[in-house]
Amino acid sequence: MRLLRIHLTNFRGVADRELTFEEHGVTVVEGPNESGKSSTIEAFGLLLDELDSSRKEAVRAVKPRHTDAAPEVEAEFRVGGHHLVYRKRWLRPLTELRILAPAPETLTGREAHERVLAILNQATDYDLFKALRVLQDKPFDVDRIAGSSWLRAALDTAAGGESGPGDGSEDTLVQRVEKEFARYFTAKNHQPTGEYRAAQDAAASATAEAEDLAQTLARVEADTERHGEVTARLAELRQRLVTDRGDLDDFGKRAKDVETLRTRRDDAAALVERASRDAELAAGARTARLALVRSVDDYEDELQALDQQIAAHTELRTEADSRREGASAMHRTADEAHRLALRQYQDADADYRWMRDAYELERVRADREALAEADREVELAAAETAATEIDDRAVETIDQADRGVRDARTAIEVAAATVRVERLGSALVTVSVPTARASADATASAGTASAGTVSAGIAAAAATVPEARARTAAESVSLVPEARTEADFAEPLVRRLTDHLVIEAEGVLRVTLAPGASERELRGKLDAAESSLATLCRQAGVRDLAAARVRLQRHVEARAALVAAESARTRLSKDPAALADEQARLEARIAEHLERRDAGVLPPADRGEAETVADHRRAESEETAANLERAADALRLAEARASEIVADAQKLAGRAEHLAAEHEAARTRLAEARLAAEDPVVEQRDAEAAKALAAAVQDRAAHDANYRDAQPEQVELLLRNARDVVARTEAEITDARAGLQHLAGRLDAVGDDLADRHREAEARRDAAERDLASVTARAEAAELLRRTILLRREEATRSYQGPFKEQVERFGRLVFGASFEVTVDADLRIASRTLAGRTDPYAELSTGAREAVAMCVRLACAALVGPDGGVPVIIDDALGAADPGRRRMLGALLNHAGSAAATPEATNGGKPTQIIVFTCDPDRYRAVGSAQVRQLGHNNDRDESPAP
């Protein structure tokens with residue numbers, strides 16, 4: 001495939017642009033960022049891959065955002081003997097294909113899309129084309145090249161095979177084997193399918209049918225035998241049912257007797273409960289009477305003890321009141337001492353704060369002076385920075401323009417012709433420059449003549465100065481005879497021919513020399529470069545590059561001084577207004593203290609004395625405060641003790657009053673109870689109720705013994721079991737009857753030809769097993785053949801590693817040196833690199849080294865495949881991580897890969913690889929000697945480069 005031209009319309013930010021490419025060799029497309037370089041590669045991929053009706057995200061993403069227009073791409077390329085012009089528009093569908101060679105043809109729509117895909121699949125390896133692209137912001141490692149049929153064919157040829165590139169013989173054989181394998185197995189899980197699966201299903205069905213009939217025959221025989229057994233069992237169950245019903249009647253009678261004994265026992269228990277309640281009531285009445293008598297006696301004892309406690313608390317209260325009065329007097333004395341000490345401490349502390357404010361006032365005044373000095377330093381540094389203002393980018397631009405002037409002069413010097421003027425006689429010889437331009441070439445040429453050979457006028461005419469270029473009159477120098485020795489005229493005058501030059505021998509001849517077209521063009525470039533340099537210097541306000549660099553250095557130094565001054569100002573961390581306010585506050589506090597202070601008290605000598613006095617007064621205040629706190633604690637304890645004694649006395653008085661009331665109430669309740677029944681009567685009722693309870697308990701014990709002797713639980717268990725036995729026997733009789741009916745129905749449903757049908761099913765099973773064995777043998781053979789041929793193809797793939805490794809190392813040695821070697825894995829990926837005897841894994845190499853190795857792999861693949869199945873190598877802004885030296889080597893490698901000598905068919909007249917490079921940095925690929933450059937401007941420009 002060779003890409004010749006691509007035209008983008010309304011594609012992302014590109015309104016209308018057409019790019020042409022060299023069919024062979026290297027084409028470098030230079031353009032700034034966002035000029036549509038990456039969009040060009042993306043557009044070619046969408047043109048080949050996506051239908052015009054596609055609504056995928058990748059298609060919608062290329063629609064212009066600021067206009068309602070449909071993206072459109074047209075490409076002209078050659079592939080497999082076909083010369084195609086392919087155009088496609090999305091969102092408003094349109095597809096056109098013009099085939100210019102080998103026979104003119106025009107197609108549209110889906111038919112055109114499918115025709116292009118058919119040509120690509122037949123004539124080239126489209127997957128290899130995708131693998132050899134280096135896209136911006138994508139990994140630059142090469143992957144998925146081991147599956148390229150064209151690359152495998154080329155490697156097979158390089159390894160000594162006979163198949164040529166693209167003949168597809170190996171894939172055709174593998175496809176036939178895969179097709180045969182697919183007759184019997186699925187592609188994904190290798191499970192039986194087709195004829196093999198049908199044979200398995202038929203054999204399984206026939207076997208299942210034979211087994212079902214055999215089971216049915218065995219079941220009929222078992223049912224016949226079972227029918228007789230169930231009949232005998234039914235007769236036995238009927239006889240057993242009569243016996244079980246007799247046992248049930250006997251256990252029913254025993255259960256009725258047990259129920260009678262249970263009723264008698266329950267009646268005796270009820271009598272015991274009534275007697276127990278009567279005995280409890282009588283005992284409760286006796287206990288309550290005794291409690292009333294004891295409570296009256298207890299109240300009398302408690303009242304006597306309480307009177308003694310009240311007398312003791314009266315003495316304690318008198319003592320507590322005396323202690324409280326003493327503590328109160330001590331507290332008043334301590335409070336007066338503390339107030340005096342506190343006033344003295346406040347006066348001393350005020351003096352100390354006064355002295356501290358005085359010291360702080362001096363510090364604030366010093367800070368204000370330092371801050372003012374820092375502000376002055378910042379203003380001076382800012383003024384110097386503004387006076388030397390110049391941009392790094394402006395200096396860099398002047399530097400680039402200066403290099404352009406030097407490069408233009410060097411080009412003139414290299415390309416200009418050389419004029420040699422030699423005086424042979426004594427005639428006057430005049431050399432003049434009509435255009436009044438003296439270049440650096442003239443300087444170099446004049447420098448070759450000695451002072452004795454030419455006069456001072458010749459040297460002045462050859463000098464390169466701006467004033468000489470500005471003069472419009474022609475400069476003339478004369479070679480005149482002088483009184484010199486012959487050695488003075490031995491050296492001729494040699495000059496580079498960069499301008500019109502007139503050589504005249506007076507009265508003999510005049511020779512006018514003019515530079516050629518290339519020298520004029522170089523002179524024009526030099527003039528443009530000098531004009532650009534002068535304009536940039538004038539805009540920057542400097543004389544030349546040296547002055548710009550000096551001014552930039554001064555600006556950097558001034559900027560550093562400004563940063564240092566601002567940093568010093570920032571370290572002060574002070575606000576001038578805040579400092580002024582603080583100074584005013586300090587002065588006001590000092591004046592206020594002096595007005596408030598007692599003039600008769602001698603002030604402290606300094607801050608230290610004030611602090612010492614304040615500390616001493618504070619210690620005295622704290623000591624008196626501690627004494628006051630202790631006195632307060634003692635007073636609180638005394639008051640608390642007096643209050644506690646008063647509270648206890650009140651409690652005792654209240655308790656005495658309460659006990660007196662309770663004692664009177666108890667005496668009243670005892671008198672009322674004795675009016676209802678005297679104490680002997682209560683005692684007699686309690687004794688009689690106890691005797692009645694004992695008799696009832698004895699009668700209940702007798703009835704309970706009779707009930708236990710009847711064994712009620714056993715009788716209940718036997719009765720319940722007898723009922724279950726009868727129910728079980730009846731259920732078994734019902735099941736036996738149902739079983740007989742079921743067996744009779746099954747035997748009636750079976751036909752008389754069951755045995756014959758079983759024999760026929762066995763014959764069908766044997767035939768299906770024979771067919772399955774035959775198909776199985778063919779399926780296993782196909783599986784063995786597939787496994788064998790895939791194994792052989794894998795072995796062949798390993799043999800490809802040698803030629804691939806050799807080609808990669810051949811290109812890599814041009815970049816890394818003669819010691820460069822690589823290790824290639826089974827998927828034709830680079831595993832490691834060896835350089836100067838040191839081997840490193842590929843993944844651990846630096847970004848620049850991996851990028852360079854990946855570039856060598858892509859170029860090696862393109863060179864191996866060759867022109868017939870070859871694809872262009874497209875590079876979008878690569879080599880960004882390479883150093884200048886390696887970029888020069890990679891540029892030479894690209895130049896070599898783009899030449900016919902890089903292909904394996906070079907000895908047979910092979911064509912070079914097509915390499916297309918997109919870059920935003922022209923210097924990055926300047927080392928590619930034979931590159932054809934295409935310039936990109938704004939997105940709405942058209943490439944004006946001539947078509948190849």
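We use all heavy atoms of the structure for the numbers below, so side chains are in, but hydrogens, waters and symmetry mates are not.
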Q: Show your working on side chain to side chain contact (heavy atoms under 4.5 Å, CB included) between Glu23 and Leu4 and close with a plain yes or no.
A: CA-CA 6 Å; Glu23 186 172 358; Leu4 306 179; 3.9 Å; yes

Q.
How long is the straight-line distance from CD of Glu74 back to NZ of Lys88, given to the nearest 0.5 Å?
A. 13.0 Å

Q: Can you establish whether the number of heavy atoms outside Lys525 located under 6.0 Å from its atom NZ is more than 12?
A: no

Q: Please test Asp68 against Arg92 for salt bridge (Lys or Arg N to Asp or Glu O under 4.0 Å), starting from the C-alpha separation and ending with a verdict.
A: CA-CA 11 Å; Asp68 185 17; Arg92 297 172 186 171; 3.4 Å; yes

Q. Any side-chain heavy atom of Val73 sitting closer than 4.5 Å to one from Trp90?
A. yes

Q: Determine the minimum heavy-atom distance between Arg813 and Phe820, stating which atoms define it.
A: NE-O, 3.3 Å

Q: Check side-chain hydrogen bond (donor to acceptor under 3.5 Å, both in side chains) between Gln932 and all other residues, then give those that pass, not counting sequence neighbours.
A: none

Q) Heavy atoms, side chains only, cut-off 4.5 Å: are Val79 and Leu84 in contact? A) yes

Q: Rounded to the nearest 0.5 Å, what's the gap from CZ on Phe77 to CG on Leu47? Could you check?
A: 6.5 Å

Q: Decide yes or no on side chain to side chain contact (heavy atoms under 4.5 Å, CB included) for Leu46 and Phe11, but give the supporting numbers first.
A: CA-CA 11 Å; Leu46 289 179; Phe11 195 92; 3.9 Å; yes

Q | Listed partners of Arg393 passing salt bridge (charged side-chain N to carboxylate O under 4.0 Å, His left out), at least two apart | A | none

Q. Can you name the nearest heavy-atom pair linking Arg850 to Ala843, along with the distance?
A. NE-O, 4.1 Å

Q. Side chains of Ile6 and Thr40: does their closest heavy-atom pair fall under 4.5 Å?
A. yes

Q) Where the side chain of Arg934 meets the backbone of Thr20, is there a donor-acceptor pair that is under 3.5 Å apart? A) yes

Q) Should Arg5 and Phe21 count as side-chain neighbours, where that means a heavy-atom distance under 4.5 Å? A) no

Q.
So, taking the atom named CG in Leu936 and the one named SG in Cys920, what distance separates them when rounded to the nearest 0.5 Å?
A. 11.5 Å

Q) With a 6.0 Å cut-off on ring centres, are Phe181 and His190 close enough? A) yes

Q) Does Gln914 reach the main-chain N or O of Leu3 with its side chain, forming a donor-acceptor pair under 3.5 Å? A) yes

Q.
Going by salt bridge (charged side-chain N to carboxylate O under 4.0 Å, His left out), name the residues that satisfy it together with Arg55, two or more places apart in sequence or in a different chain.
A. none

Q. Should we say atom CZ of Arg403 is surrounded by more than 12 heavy atoms from elsewhere, each under 6.0 Å from it?
A. yes

Q) So, for Pro102 and Gly81, which heavy atoms are closest and what is the spacing to 0.1 Å? A) CD-O, 3.6 Å

Q | Partner set under side-chain hydrogen bond (donor to acceptor under 3.5 Å, both in side chains) for Ser53, not counting sequence neighbours | A | none

Q: Might you work through the side-chain hydrogen bond (donor to acceptor under 3.5 Å, both in side chains) test for Asp16 and His7, ending with a clear yes or no?
A: CA-CA 8 Å; Asp16 186 14; His7 186 185; 2.6 Å; yes

Q. Does Glu396 CD have over 12 foreign heavy atoms under 6.0 Å away?
A. yes

**Q.** Audit row: Met1, Arg78, side chain to side chain contact (heavy atoms under 4.5 Å, CB included) steps and yes/no
**A.** CA-CA 6 Å; Met1 179 194 295; Arg78 301 181 191 274; over 6 Å; no

Q) Does the side chain of Thr106 reach to within under 4.5 Å of the side chain of Leu97, using non-hydrogen atoms? A) no

Q. Out of curiosity, Glu809 CD to Ser819 OG, how far, rounded to the nearest 0.5 Å?
A. 10.5 Å

Q: Verify, without hydrogens or angle tests, whether Thr834 (side chain) and Gly837 (backbone) share a donor-acceptor contact under 3.5 angstrom.
A: no

Q. When you check the gap from the basic side-chain N to the acidic O, do Arg833 and Glu821 get nearer than 4.0 Å?
A. no

Q.
What I'd like to find out is whether the side chain of Val824 reaches to under 4.5 Å of the side chain of Val808, using heavy atoms alone.
A. no

Q) Are Leu100 and Val85 close enough that some pair of their side-chain heavy atoms sits under 4.5 Å apart? A) yes

Q. How long is the span from the OG1 atom in Thr397 to the CG atom in Leu533, to the nearest 0.5 Å?
A. 11.5 Å

Q.
Ignoring hydrogens, what is the shortest heavy-atom contact between Ser39 and Arg12? Give both atom names and the distance.
A. OG-CD, 3.4 Å

(Q) Just so I know, are the side chains of Thr95 and Tyr86 near enough to count as touching, which here means a heavy-atom distance under 4.5 Å? (A) yes

Q: With sequence neighbours left out, write down each residue that passes salt bridge (charged side-chain N to carboxylate O under 4.0 Å, His left out) with Arg98, or none if nothing qualifies.
A: none

Q. Are the side chain of Ser532 and the backbone N or O of Ala528 linked by a donor-acceptor pair below 3.5 Å?
A. no

**Q.** side chain to side chain contact (heavy atoms under 4.5 Å, CB included) assessment of Ile398 paired with Gln400
**A.** CA-CA 5 Å; Ile398 293 173; Gln400 292 178 357; over 6 Å; no

Q: Of all the heavy-atom pairs spanning Leu48 and Leu117, show the shortest one and how long it is.
A: O-CD2, 3.6 Å

Q: Say whether, by atom type as modelled, one donor and one acceptor occur between the side chain of Thr27 and the main chain of Glu22 under 3.5 angstrom.
A: yes

Q. Under the salt bridge (charged side-chain N to carboxylate O under 4.0 Å, His left out) test, which residues partner Asp407, sequence neighbours left out?
A. none

Q | Atom pair CG/CD of Leu51 and Glu114 - distance to nearest 0.5 Å | A | 8.0 Å

Q: Work out which heavy atom in Ala69 is nearest to a heavy atom in Pro64; give both atom names and the distance.
A: O-CD, 3.6 Å

**Q.** Glu76 side chain to His83 side chain, donor-acceptor N/O pair below 3.5 angstrom
**A.** yes

Q. Under 3.5 Å, side chain of His113 to main-chain N/O of Glu111, donor-acceptor pair present?
A. no

